[in-house]
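Counting from 1, the numbers follow the sequence of the chain as shown. Only this structure's heavy atoms are used, side chains among them; waters, hydrogens and symmetry mates stay out.
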Amino acid sequence: MTSPTFRSADRTSDLVDRFRARFGGTPRVYRAPGRVNLIGEHTDYNDGFVLPAALALSCWVAAALRDDGRMVVRSEDLGKEYEWDVASTDATPAHSWSDYVQGVALMFGRALGKKRDTGDQDMRGVSILIQSDVPMGAGLSSSAAIEVAVARALIDLAGAPMEPTEVARLCQRAENEFVGARCGIMDQFIACHARLGHALLLDCRSLESRPVSLPSHVRLVACNTMVRHSIASGEYNRRRAECEEGVKELARRLPGLRSLRDLDLAVLDREGRELPDTIRRRCRHVVSENARVDRAARALEEGDLEIVGALMADSHRSLRDDYEVSCAELDLMVGLARETSGVYGARMTGGGFGGCTVNLVDKHAVSEFRRHVVSGYQAKTGRAPDIYVTEAGRGAERVV
Ligand code: GLA
């Protein structure tokens, strides 16, 4: 994996050289970031609230139009290529990284057709070279980074401008309808809208967002358990179905209830007594997590990191016990973080079942934090964890 400290200008010219060597011609270059979510997990697909921030780790895409109606996509990280005809209407997922690209191309082709009122496939062929710093399957949203970087490239090359929120929605559709993961909008939204030095408080129902400044002495540190649970996507969709079941049951007593976002804990306790235990706990996580996001955003704005840390700890417990999406390695990583001084908060981040924790660490405490977490984790699991230290970065952009 290329080091994220690689200077942006070197990075771009390296990518352009690689593109030229493979495809010839001069590409445009785009970048979209991975993310950590500070708090608000599994709330986005429940119309709720989230507080993500972009990482400096990004996916880079070099792209140029071609005349043969083919999409040719090369992953530099995997050394693999994939191609298809832009006009083909019978695309099916290959269950590989290329699905994110093909899904986006498909949704973009549809959007373009509608915009220009010329039917479904009004797109030209494109050569695409992808290289990403965002580790795959680590819960840092490598897939949304690919989707958004590719979407920005296709949109720009087609000369068909789109609002960032529309781009995020298009990428979410690619994932929901083509890749087959029923994810919410958080990852794609932050990849499109992130602001330097800020997290974003996002209302996933209205898609209104507010930047929340992060204190400059705090670093965002993601610790990778190096565990990738293969059950993750099945369990993810199952959690989503359990929430829907909860809403359906609760709506018998609360007519008109649309989503868990519309409940508070007192109402859930009162009206949810007859829910099956698992469903009640899933609902309790989502309802309590939404309240935590609101409080955490306010505490961050007031500079009260102690409260933010306490809320992150509650969030982790709730994800572990009520939502059951943590795992032993994530719990261990969070435990190790809490043993270090200068750590304001630690919890699992993203979908769960492995992947990363997110930690708010004082910049002077980062080295000691890294040392303690790496040695403690290695001693218990035999695995060396990757640690990524960053500040909140910018959203997707055309680089050259
Ligand atoms: C994954 C999904 C997001 C969100 C998180 C959990 O990252 O892509 O939409 O649901 O899990 O908060």
Side-chain angles (χ1 to χ4, degrees), residues 1-19 22 27-38 52-63 73-81 96-98 100-101 104 128-153 171 175 186-197 199 219-228 349-351 354-359 361 366 370 374 384-400:
M1 184 188 306
T2 313
S3 158
T5 54
F6 200 43
R7 284 191 320 116
S8 174
D10 296 345
R11 179 55 180 277
T12 308
S13 69
D14 178 63
L15 206 67
V16 168
D17 288 347
R18 286 164 187 264
F19 184 94
R22 168 58 189 87
R28 296 181 188 176
V29 177
Y30 306 83
R31 183 197 63 84
R35 63 99 190 92
V36 284
N37 185 19
L38 299 183
L55 298 169
L57 300 167
S58 294
C59 175
W60 300 72
V61 160
V73 187
R74 174 173 175 79
S75 160
E76 278 294 288
D77 307 302
L78 302 172
K80 289 203 170 130
E81 265 187 42
S96 87
W97 62 276
S98 57
Y100 300 113
V101 183
V104 166
I128 298 180
L129 188 120
I130 301 177
Q131 193 171 43
S132 186
D133 308 323
V134 190
M136 280 188 197
L140 299 180
S141 193
S142 60
S143 47
I146 293 186
E147 289 158 4
V148 170
V150 167
R152 287 292 305 257
C171 292
E175 193 139 343
M186 168 170 70
D187 303 345
Q188 292 80 6
F189 193 94
I190 188 71
C192 290
H193 284 275
R195 295 247 314 248
L196 194 66
R219 295 290 170 270
L220 298 174
V221 185
C223 300
N224 191 346
T225 60
M226 316 304 277
V227 176
R228 276 176 84 163
T349 193
C356 284
T357 60
V358 56
N359 305 267
V361 184
V366 168
R370 183 196 289 271
V374 169
D386 285 342
I387 311 285
Y388 318 99
V389 181
T390 140
E391 288 169 76
R394 264 198 303 266
E397 60 192 351
R398 177 173 166 195
V399 184
V400 289

S.K.: As a test of understanding, state which of Asp77, Val150, Ile146 forms a side-chain contact (heavy atoms from CB on, under 4.5 Å) with Cys59.
M.R.: Ile146
S.K.: With distance as the sole test, does Arg398 use its side chain to make a donor-acceptor pair with the main-chain N or O of Val400 at under 3.5 Å?
M.R.: yes
S.K.: Does a side-chain heavy-atom distance below 4.5 Å link Ile128 with Phe19?
M.R.: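 No, side chains not in contact.
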S.K.: Below 4.0 angstrom, N of the basic side chain to O of the carboxylate: do Asp133 and Arg31 qualify?
M.R.: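 The answer is no: the pair does not qualify as a salt bridge.
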S.K.: So Arg370 and Val389, side chain to side chain contact (heavy atoms under 4.5 Å, CB included) or not? Walk me through it.
M.R.: CA-CA 9 Å; Arg370 183 196 289 271; Val389 181; 3.5 Å; yes
S.K.: Determine whether Tyr388 and Cys356 satisfy the following criterion, side chain to side chain contact (heavy atoms under 4.5 Å, CB included), listing intermediate values before the conclusion.
M.R.: CA-CA 10 Å; Tyr388 318 99; Cys356 284; 4.3 Å; yes
S.K.: Measure the shortest side-chain to side-chain distance between Cys223 and Pro385 over non-hydrogen atoms and say whether it is less than 4.5 angstrom.
M.R.: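 The answer is no, as the side chains (C-beta and beyond) never meet within the 4.5 Å cut-off.
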S.K.: Is there a side-chain contact between Glu175 and Gln188 (heavy atoms, below 4.5 Å)?
M.R.: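 Side-chain contact under 4.5 Å: yes.
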S.K.: Please find the pair of heavy atoms, one from Val227 and one from Asn224, that lie closest to each other, and give the distance.
M.R.: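 So the minimum-distance heavy-atom pair works out to N-OD1, 4.5 Å.
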S.K.: Can you confirm whether Glu391 sits close enough to Leu55 that some side-chain heavy atom of one is under 4.5 Å from a side-chain heavy atom of the other?
M.R.: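 The answer is no, as the side chains (C-beta and beyond) never meet within the 4.5 Å cut-off.
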S.K.: Can you see which heavy atom on Val134 is nearest to which on Ala145, and at what distance?
M.R.: CG2-CB, 4.3 Å
S.K.: Show your working on side chain to side chain contact (heavy atoms under 4.5 Å, CB included) between Tyr30 and Glu397 and close with a plain yes or no.
M.R.: CA-CA 6 Å; Tyr30 306 83; Glu397 60 192 351; over 6 Å; no
S.K.: Nearest heavy-atom pair of Asp187 and Ala144: which atoms, and what distance?
M.R.: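 For Asp187 and Ala144, the tightest heavy-atom pair comes out as CB-CB, 3.6 Å.
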S.K.: Could you please spell out the steps behind the side chain to side chain contact (heavy atoms under 4.5 Å, CB included) verdict for Trp97 and Val73?
M.R.: CA-CA 10 Å; Trp97 62 276; Val73 187; 3.6 Å; yes
S.K.: Would you check if Val29 and Val61 make a side-chain contact, meaning some heavy-atom pair closer than 4.5 Å?
M.R.: no
S.K.: Side chains of Lys80 and Arg74: does their closest heavy-atom pair fall under 4.5 Å?
M.R.: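 No, their side chains stay 4.5 Å or more apart.
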S.K.: Going by atom types alone, do Asp10 and Thr12 pair a side-chain donor with an acceptor below 3.5 Å?
M.R.: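 The answer is no; no qualifying pair exists.
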S.K.: Is a donor on one side and an acceptor on the other found under 3.5 Å between the side chain of Thr225 and the backbone of Gly355?
M.R.: yes
S.K.: Heavy atoms, side chains only, cut-off 4.5 Å: are Ile130 and Glu76 in contact?
M.R.: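 Sidechains of Glu76 and Ile130: no contact.
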S.K.: Rounded to the nearest 0.5 Å, how far apart are CD of Glu147 and SG of Cys192?
M.R.: 10.0 Å
S.K.: If you compare all heavy atoms of Ser58 against all heavy atoms of Pro33, which two are closest, and at what distance to 0.1 Å?
M.R.: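 For Ser58 versus Pro33, the nearest heavy atoms are OG-CA, 3.6 Å.
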S.K.: Return yes when atom CZ of Arg394 has more than 12 non-hydrogen atoms of other residues, nucleotides or ligands closer than 6.0 Å, and no otherwise.
M.R.: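 Not more than 12 within 6.0 Å, no.
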S.K.: Considering non-hydrogen atoms only, spot the tightest contact between Ala32 and Ala149 and give its length.
M.R.: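 Scanning both residues, the minimum pair turns out to be CB-N, 3.6 Å.
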S.K.: Check Glu81 with Arg22, please: is the shortest side-chain N to carboxylate O separation under 4.0 Å?
M.R.: yes
S.K.: Would you name the heavy atoms of Pro52 and Asn37 that are closest together and state the gap between them?
M.R.: N-OD1, 3.3 Å
S.K.: With side chains defined as the heavy atoms from C-beta onward, is the minimum distance between Pro135 and Leu57 less than 4.5 Å?
M.R.: yes
